[in-house]
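Please read all numbers here as calculations on a predicted model, not as lab measurements.
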Amino acid sequence: MSFEVRPAALRTLSRAMDDLDAASDTAAVYSANAQPPASGFSAMVRFLNSSADVRPACESFFEHLASITAASADELVAAATTYEELDAASSERLDARYPKD
């Protein structure tokens, strides 16, 4: 059994997390500012008016999602860098064991 980490894949995932962070920020702003129609008799209007009760929870959720995805993206880049540094150090130690010409 072996363990392998591909730093480039970590960086790719980090960029995806950055995209999710940006989308979450947009969703939080939308949640805070979306205004349903004030009145009407249709089911949709009643639904939109009742959504005002959940708006703060949606806004909070998306703000939290943005925060944790941004932090995760940063940590993925840090992990990729650490693995690259460990691989370089391991390679140097291995190379040092070979006889010198």
task = Check the hydrophobic clustering (I, L, V, M, F, W, Y; side-chain heavy atoms under 4.5 Å; chains of links allowed) and say if Leu20 and Phe61 are grouped together.
result =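 In one cluster with Leu20: Phe61, yes.
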ask   = Transitively linked via ILVMFWY side-chain contacts under 4.5 Å: Tyr83 with Met17?
value =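 In one cluster: yes.
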query = Which atom names give the shortest non-hydrogen contact between Ala66 and Asp25, and what distance separates them?
reply =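 Nearest pair, atom of Ala66 first, then Asp25: CB-OD1, 3.1 Å.
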query = Looking only at heavy atoms, what is the nearest atom pair of Asp18 and Ala73, with distance?
reply =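 So the two residues come closest at OD1-CB, 3.2 Å.
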query = To the nearest 0.5 Å, what is the distance between CG (Asp21) and CD1 (Ile68)?
reply =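 Atom-to-atom, Asp21:CG and Ile68:CD1 are 10.0 Å apart.
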task = First locate atom OG of Ser72, then atom CG of Leu76, and finally report the distance between them rounded to the nearest 0.5 Å.
result =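 Rounded to the nearest 0.5 Å, the OG-CG separation comes to 6.5 Å.
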message = Once side chain to side chain donor-acceptor pair (under 3.5 Å) is applied, do any residues pair with Arg11, and if so which ones, sequence neighbours excluded?
response =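 Arg11 satisfies side chain to side chain donor-acceptor pair (under 3.5 Å) with Thr81, Glu84 only.
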task = Tell me, please, which residues at least two apart from Thr12 pass side chain to side chain donor-acceptor pair (under 3.5 Å).
result =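 Scan of Thr12 (side chain to side chain donor-acceptor pair (under 3.5 Å), adjacent residues dropped) gives Arg15.
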Sidechain-backbone polar pair: [X] side chain, [Y] backbone, donor-acceptor under 3.5 Å:
X     : Y     : answer
Ser60 : Pro56 : no
Ser91 : Asp87 : yes
Thr82 : Ala78 : yes

key: Partners passing salt bridge (Lys or Arg N to Asp or Glu O under 4.0 Å) against Arg93 (at least two apart in sequence or in another chain)   =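 With neighbours one apart ignored, the set is empty.
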